[in-house]
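So the structure is just underneath, and the comments pick up after that.
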Amino acid sequence: MKILMCASEVVPFAKTGGLADVAGALPLALEEAGQDVIIAMPRYKCITDNKFSIKRLKNDISYSVIGKNIKTYFIENDAYFNRDNLYGEKTGDYPDNLDRFSYYCTRTLQLMKEINFKPDIIHCHDWQSCLAMVYLKTKYVKDPFFKNTRTILTIHNIGYQGLFPKDQFPKLGIDWSYFNMEYLEFYDQVNLLKGGMVFADIINTVSPTYAKEIQSKEFGFGLEGVLNKRKKDVFGILNGIDYSIWNPETDKIIAKNFSAKEPKGKAVAKEDLQKLCKFPLRKDVPLIGLISRLAEQKGFDLIAEDMEQICKMDLQFVLLGTGDQKYHILLEDIVKRYPKVVSLHLKFDDALAHKIYAGSDIFLMPSRYEPCGLGQLIALRYGTIPLVFKTGGLADTVNKDNGFIFDKYNKEELLKTIKDAVKSFGNSKKWSGLVKKAMEHDFSWEGSAAKYLGLYEKAKTKK
Ligand code: ADP
């Protein structure tokens, strides 16, 4: 099958979240399974010739190869993409995001003709690439080149929809009749994700539980009705993790490698992390790790309320993340008062993330909602026991046998579950068993890629 992957961020080129991990790893697994895959993404400022081996195809198109021979095409446009960030500044989204991603989708479809790549499947991710599907079913609907092309939309987080003022609609170059409740209109605004959901042949999201949740009012962010209408075409496939990057047996960043069979290195990784955090070097104290966007979605409203109490417990707590200023301020205040308990790293730092996954005992991820979540999967792989709220992909991957889970979203339950985890850590024999079991899970991409291939086949049967 010829597959075009459309994603606005792809590992190793640009990443702000889990979408990039998926868009980078799924193509590799598909290629392994014998598929012909290419990727198209914008060329941001961070994609430099120094960092990557980049070849030029055209004036405005360059590419780099990942896997054995997966060409990642970069759509270039300095005015739109040569900026410090992908989607916006601290103060808010770039005001011309509709122009930027409309351009990306338009140029990507043109490129398919120029390189004569007739995709069987265009696999789009999130609102940024939804216009590719909208254009395919409007501007290109009669174009023989795309006659056999079918589409699939993966929703990584329905909370981000690509909403724009109505007066920007004409820039899309499609008829005003599509600015209608049945199509892209959403409370008098343009909603690009909704456009994708209407036009995609198949819709999926990144865990079976989240696929169900987003069809409800509580989790659907206003789009539950659109999904309900398409119920038969909505699926959930868990993300895998890239084992060439996230593998404690081969990880070059961590202090010592380890595995379920040879777990001793984990203690060395813990000591290394304690040194880095300037914590007392104690084996008997549980070290809690957290790596996340600092956003309410990730459970920070609860963490903020419990923080003082957490710090009074006999534990160590390392946090890595960036996000909402209010949480930056709150955490900076806490670390001043509890420097031996809390180590705070307000930045995006891949290397440090590896060290935290490897060196922590418990991984805290009490997200209010979580489409799939990669953090808990990586943590399990590194024998770091996840503590999560029962929602979305967390509910699909963590249970009482491999972690700690609470099912009422409030600060009391979170605190109680942390206390339970700390207590369990005290029983070192039982804990070692838990760690071993966690590390034996298989969340490789192979299985997920096979499921995606199943969805592609299903899409191909659509008229
Ligand atoms: P989301 O995509 O909603 O942010 P996921 O759990 O699906 O959440 O994926 C987040 C990914 O980004 C994980 O791989 C996590 O390790 C990584 N990550 C998040 N914040 C940071 C950070 N500050 N530094 C390094 N890696 C981070």
Side-chain angles (χ1 to χ4, degrees), residues 7-12 14-26 46 85-87 90 125-128 154-160 205-207 209-210 213-214 219 221 236-248 251 253-254 273 276 289-300 303 318-324 327-328 331 343-360 363-382 384 386-389 391-398 403 443 445 448:
S8 58
E9 48 184 278
V10 180
V11 162
K15 163 168 166 171
T16 68
L19 153 65
D21 293 302
V22 175
L26 176 59
C46 60
N85 300 303
L86 272 54
Y87 312 124
K90 272 201 184 114
H125 298 262
D126 282 352
W127 69 264
Q128 292 89 341
T154 298
I155 301 170
H156 294 261
N157 187 336
I158 204 163
Y160 299 91
T205 180
V206 287
S207 69
T209 297
Y210 192 62
E213 285 173 345
I214 57 176
F219 294 97
F221 282 88
I237 297 178
L238 272 176
N239 290 332
I241 48 177
D242 185 346
Y243 280 180
S244 68
I245 300 172
W246 302 110
N247 183 353
D251 192 324
I253 297 168
I254 62 179
L273 182 60
L276 195 149
L290 182 155
I291 304 167
S292 172
R293 285 184 288 119
L294 304 185
E296 197 181 304
Q297 182 220 323
K298 298 292 182 182
F300 274 88
I303 293 171
V318 51
L319 294 98
L320 168 63
T322 56
D324 289 356
Y327 296 125
H328 284 219
L331 292 168
S343 174
L344 182 62
H345 308 265
L346 296 173
K347 57 179 175 178
F348 197 96
D349 185 336
D350 224 25
L352 181 55
H354 280 253
K355 284 177 181 283
I356 294 175
Y357 282 121
S360 305
F363 188 75
L364 188 60
M365 193 165 172
S367 309
R368 177 190 288 271
Y369 72 92
E370 191 58 77
C372 173
L374 293 173
Q376 86 281 15
L377 304 181
I378 302 172
L380 283 165
R381 180 73 171 158
Y382 282 75
T384 301
L387 191 164
V388 305
F389 175 58
T391 185
L394 297 173
D396 288 330
T397 53
V398 181
F443 292 116
W445 262 106
S448 306

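Whatever order the structure lists ligands and atoms in, that order sets their numbers, starting from 1. Heads up: numbering here begins at 1 and tracks the sequence. Keep in mind it's a predicted model, so treat the numbers as computed, not measured.
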Please identify which atoms of ligand 1 are closer than 4.0 Å to at least one heavy atom of M365. 6 (O)
Provide, to 0.1 Å, the distance between atom 22 (C) of ligand 1 and the closest protein heavy atom, together with that atom's residue and name. F348 CD1, 3.5 Å
Considering only heavy atoms of D21, which atoms of ligand 1 have at least one such atom less than 4.0 Å away? 11 (C), 14 (O)
Is a side-chain donor or acceptor of E9 paired with a backbone partner of L19 at a separation under 3.5 angstrom? no
Considering only the protein, which heavy-atom contact is closest to atom 17 (C) of ligand 1, and what is its distance? K15 NZ, 4.0 Å
Any nitrogen or oxygen of R293, main chain or side chain, under 3.5 Å from a nitrogen or oxygen of ligand 1? yes
To check your reading of the model: name the closest protein heavy atom to atom 24 (N) of ligand 1, its residue, and the distance in Å. D349 N, 3.0 Å
So, for C372 and V206, which heavy atoms are closest and what is the spacing to 0.1 Å? CB-O, 3.2 Å
Hey, does Q297 come in under 3.5 Å of ligand 1, counting only N/O atoms on both sides? no
Please give me the minimum heavy-atom distance between T391 and E370, naming the atom from each residue. CG2-N, 3.8 Å
Checking the N or O distance criterion of under 3.5 Å, is ligand 1 in contact with Y357? yes
Closest heavy-atom pair, N157 versus P371, reported as atoms and distance to 0.1 Å, is CA-CG, 3.9 Å
Are R381 and F443 in a cation-pi contact, defined as NZ or CZ under 6.0 Å from the six-membered ring centre and within 45° of the axis? no
State which residue, out of V318, D350, D349, I356, fulfils the side chain to side chain contact (heavy atoms under 4.5 Å, CB included) condition with I291. I356
What protein heavy atom is closest to atom 8 (O) of ligand 1, reported as residue, atom name and distance in Å? K298 NZ, 3.0 Å
Heavy-atom closest contact (S207 atom, G392 atom, distance): OG-C, 3.6 Å
Heavy atoms of N247 and Y382 approach each other most closely as N-OH, 3.1 Å
Report yes or no: does a heavy atom of C372 sit under 4.0 Å from some atom of ligand 1? no
With nothing but distance in play, are any N or O atoms of E370 less than 3.5 Å from an N or O of ligand 1? no
Shortest non-hydrogen separation from L290 to L364 and the atoms involved: CG-O, 3.8 Å
Any non-hydrogen atom of Q376 lying under 4.0 Å from ligand 1? no
Check whether the ring centres of Y369 and F221 lie less than 6.0 Å apart, and answer yes or no. yes
Write out the residue and atom name of the closest protein heavy atom to atom 23 (N) of ligand 1, then the distance separating them to 0.1 Å. K347 O, 2.8 Å
Ligand 1 and L374, any nitrogen or oxygen pair closer than 3.5 angstrom? yes
If we number the atoms of ligand 1 from 1 as shown, the ones under 4.0 Å from a heavy atom of G375 are 6 (O)
Going by heavy-atom distance to atom 19 (C) of ligand 1, choose the closest among L394, I291, L377. I291
Using modelled atom types and a 3.5 Å cut-off, is there a donor and acceptor pairing between side-chain atoms of T209 and backbone atoms of D396? no
Which protein non-hydrogen atom lies closest to atom 2 (O) of ligand 1, naming both residue and atom, and how far is it? G18 N, 2.6 Å
To which of G321, S292, G17 does the heavy atom nearest atom 20 (N) of ligand 1 belong? S292
